Asker: 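Dropping a structure here in structure tokens format, bear with me for questions.
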Amino acid sequence: MKSNTKHPYKILVLDDDETVCQSLRYLFIKQGWEVQTLTNPLNAVAFLKNNPADLILLDLNFRVGTDGKEGLGILKEIKSHTKEVPVILFTAWGSMQLAIDGMKLGAADFLTKPWDNENLIAAIRTQLQLRGKNEDRPTSHSSLDAIIGTSETIKAIKEWIVKAAPTDATVLISGESGTGKELVAKAIHDLSKRQDQAFVSVNLGAIPDSLFESELFGHKKGAFTSAVSDREGRFKLAEKGTLFLDEIGDLALASQVKLLRVLQEKTFEPLGGSKPIKTDVRIISATHKDLSDMVVRETFREDLFYRINLLHIHLPALSERREDIPLLVNHFIQQFNATQNKKVKVESHALEWLEKQAYPGNIRQLKNCIERTVLLTAKNSLGIKDFKPHLEAKPGGSNKFPKVGELTLDEMEKTLIANALEFYAGNITDAARSLGITRSALYRRIEKYNINYDA
């Protein structure tokens with residue numbers, strides 16, 4: 001993305017090393033950007049008053065020391081003067097704690113020296129795109145239109161998707177299970193410059209810790225006992241495209257360290273390999289958990305949180321946007337009419353009733369309710385009585401507890417798991433939560449009891 005020649009982007013480089021300034025000047029001019037350099041950081045705010053910049057590249061360590069404190073102080077001054085201009089921190093004495101401190105003070109990104117030209121240019125482009133204007137942004141797209149709703153919240157989310165999509169910024173999508181996080185991730189991908197490349201989705205909660213590296217980075221033949229051939233990991237499959245890391249809050253701390261290293265260095269090594277492979281992948285993550293709270297409890301790394309959370313989109317629960325329920329109901333009815341060759345309609349009083357119901361499973365639960373009702377009815381007009389049984393079901397079925405001797409402990413566990421999976425329409429996250437166990441534990445039990453379920 002080269003800037004318009006009439007209005008080139010202005011980049012200010014704050015670094016006391018004249019050689020670095022000259023190298024960056026040459027690099028940035030080739031991108032069509034206007035470059036200003038300043039070797040005395042104490043003059044930064046005064047300089048900006050008369051020489052506005054679109055982005056600032058700030059070295060953290062000047063002649064005083066290498067602890068980054070001087071640079072953080074300058075960052076604080078710059079942000080008090082201008083909050084809108086993005087600042088990318090730049091240092092040869094990098095540490096993740098320094099990056100975190102800088103992010104808390106308002107920095108947009110953090111890079112280390114020696115830098116990689118491609119990564120540096122990509123980081124700057126991302127920030128310029130996020131804060132620039134693009135008159136060619138699409139107002140309609142099939143993936144965007146698939147996000148059903150006209151509530152103010154959904155309108156704002158769609159606008160944010162359109163703004164975020166053209167960039168390479170990492171995106172964190174939060175929200176309860178069943179709110180449509182993967183749908184949003186797919187829309188971001190389909191509206192991005194990577195739309196013609198792969199969109200690879202991986203559920204991190206479903207991957208055992210021991211297989212994390214093999215699944216994400218691949219492995220070489222002989223890397224472990226069952227590795228009878230080379231295998232490409234998800235990063236390789238998503239090359240030049242988008243990698244969607246679903247349920248990233250379920251990732252073990254040891255695996256978080258490995259993921260962070262790849263996101264920072266943009267290289268990975270297959271398990272059993274010795275040669276680093278460069279990767280060009282956009283990362284979109286999703287979670288139903290409160291990662292900020294997990295950071296406080298030290299169950300999620302703070303440095304990884306800032307790395308994946310450059311942009312944040314929160315999806316509301318269905319109960320928080322009830323005005324969209326009639327639209328969703330009619331959308332699902334049309335879908336199932338087409339696939340089941342039916343001509344079903346929903347009576348107006350039933351539509352009003354559905355709008356008032358509780359949906360702990362959110363859109364996924366509503367869709368499941370509509371689908372079951374359409375499949376099990378021979379009527380063309382659906383009323384409250386048709387929908388009611390499919391919303392009143394409880395996991396576990398009957399409240400009658402089996403008597404001693406009727407079922408073994410394993411049989412009881414298998415029955416309870418099967419009922420939970422049926423109730424939550426095969427959603428592992430919701431079923432595991434209702435049973436009070438982890439997703440990994442639930443997967444092990446599904447395999448143990450050979451339980452079939454529809455995901």
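Everything numeric here is computed off the predicted structure, so don't read it as measured data.
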Asker: Only one of Ile56, Asp54, Leu57, Leu58 clears side-chain contact (heavy atoms from CB on, under 4.5 Å) with Leu12; which?
Answerer: Ile56
Asker: Could you please spell out the steps behind the side-chain contact (heavy atoms from CB on, under 4.5 Å) verdict for Leu442 and Ile446?
Answerer: CA-CA 6 Å; Leu442 179 54; Ile446 290 172; 4.0 Å; yes
Asker: Under the rule for side chain to side chain contact (heavy atoms under 4.5 Å, CB included), what residues qualify as partners of Asp209, not counting sequence neighbours?
Answerer: Ala252
Asker: Could you pull out every donor-acceptor pair under 3.5 Å between side chains of residues 235-246 and any protein atom, sequence neighbours left out?
Answerer:
residue : atom : partner : partner atom : Å
Glu239  : OE1  : Asp280  : N            : 3.1
Glu239  : OE2  : Asp280  : N            : 3.3
Lys240  : NZ   : Asp280  : OD2          : 3.4
Thr242  : OG1  : His189  : ND1          : 2.8

Asker: Could you pull out all residues at least two apart from Phe332 that satisfy ring pair (Phe, Tyr, Trp, His ring centres under 6.0 Å)?
Answerer: none
Asker: Under the salt bridge (Lys or Arg N to Asp or Glu O under 4.0 Å) rule, what pairs show up with a residue in residues 211-230, not counting sequence neighbours?
Answerer: Glu213-Lys258, Glu215-Arg231, Glu215-Arg234
Asker: Report the C-alpha separation of Leu55 and Tyr9 in whole Å, then their side-chain angles, then the decisive distance to 0.1 Å, and conclude whether the side-chain contact (heavy atoms from CB on, under 4.5 Å) test is met.
Answerer: CA-CA 8 Å; Leu55 182 139; Tyr9 287 114; over 6 Å; no
Asker: Does a sphere of radius 6.0 Å around CD in Glu118 hold more than 12 heavy atoms from other residues, nucleotides or ligands, not counting ones at 6.0 Å or beyond?
Answerer: no
Asker: Side chain to side chain contact (heavy atoms under 4.5 Å, CB included) with Val257: which residues, sequence neighbours excluded?
Answerer: Arg261, Arg301
Asker: Can you sort out the partners of His288 under ring pair (Phe, Tyr, Trp, His ring centres under 6.0 Å), two or more places apart, ordered by chain and number?
Answerer: none
Asker: Side-chain contact test, heavy atoms from C-beta onward, threshold under 4.5 Å: evaluate it for Thr373 versus Val344 and give yes or no.
Answerer: no
Asker: Would Leu375 and Gln340 satisfy side-chain contact (heavy atoms from CB on, under 4.5 Å), going step by step from the backbone distance to the final call?
Answerer: CA-CA 8 Å; Leu375 285 172; Gln340 302 300 323; 3.4 Å; yes
Asker: Test of understanding: with salt bridge (Lys or Arg N to Asp or Glu O under 4.0 Å), list the residues that count as partners of Asp116, not counting sequence neighbours.
Answerer: Lys278
Asker: Kindly check if the number of other-residue, nucleotide or ligand heavy atoms within 6.0 Å of NZ (Lys345) is above 12?
Answerer: no
Asker: With sequence neighbours excluded, give me every salt bridge (Lys or Arg N to Asp or Glu O under 4.0 Å) pair touching residues 283-292.
Answerer: Asp250-Lys289
Asker: Sequence neighbours left out, cut at 3.5 Å: what donor-acceptor pairs do the side chains of residues 148-155 make with other protein atoms?
Answerer:
residue : atom : partner : partner atom : Å
Ser151  : OG   : Ile154  : N            : 3.4
Ser151  : OG   : Asp324  : OD2          : 2.7

Asker: Do you know which of Glu413, Lys414, Glu411 makes side chain to side chain donor-acceptor pair (under 3.5 Å) with Tyr449?
Answerer: Glu413
Asker: Using side chain to side chain contact (heavy atoms under 4.5 Å, CB included) as the criterion, list what pairs up with Asn362, not counting sequence neighbours.
Answerer: Glu176, Thr179, Ala317, Leu318
Asker: Run the ring pair (Phe, Tyr, Trp, His ring centres under 6.0 Å) test against Trp115 and tell me which residues pass, sequence neighbours left out.
Answerer: Phe90
Asker: Please enumerate all residues that pass side chain to side chain contact (heavy atoms under 4.5 Å, CB included) together with Asp168, with sequence neighbours excluded.
Answerer: Thr126, Lys193, Arg194, Arg282
Asker: Run the salt bridge (charged side-chain N to carboxylate O under 4.0 Å, His left out) check on Glu347 and Lys379 step by step: do they pass?
Answerer: CA-CA 12 Å; Glu347 296 172 5; Lys379 299 159 59 178; 5.6 Å; no
Asker: Has Lys367 got more than 12 heavy atoms of other residues, nucleotides or ligands less than 6.0 Å from its NZ?
Answerer: no
Asker: Checking Trp33 against Ile121 for the side-chain contact (heavy atoms from CB on, under 4.5 Å) test, could you report, in this order, the C-alpha distance in whole Å, the side-chain angles of both residues, the deciding distance, and whether it holds?
Answerer: CA-CA 11 Å; Trp33 300 334; Ile121 293 298; 3.8 Å; yes
Asker: Test Arg364 against Asn368 for side chain to side chain donor-acceptor pair (under 3.5 Å), laying out the working first.
Answerer: CA-CA 6 Å; Arg364 186 184 289 114; Asn368 183 257; over 6 Å; no
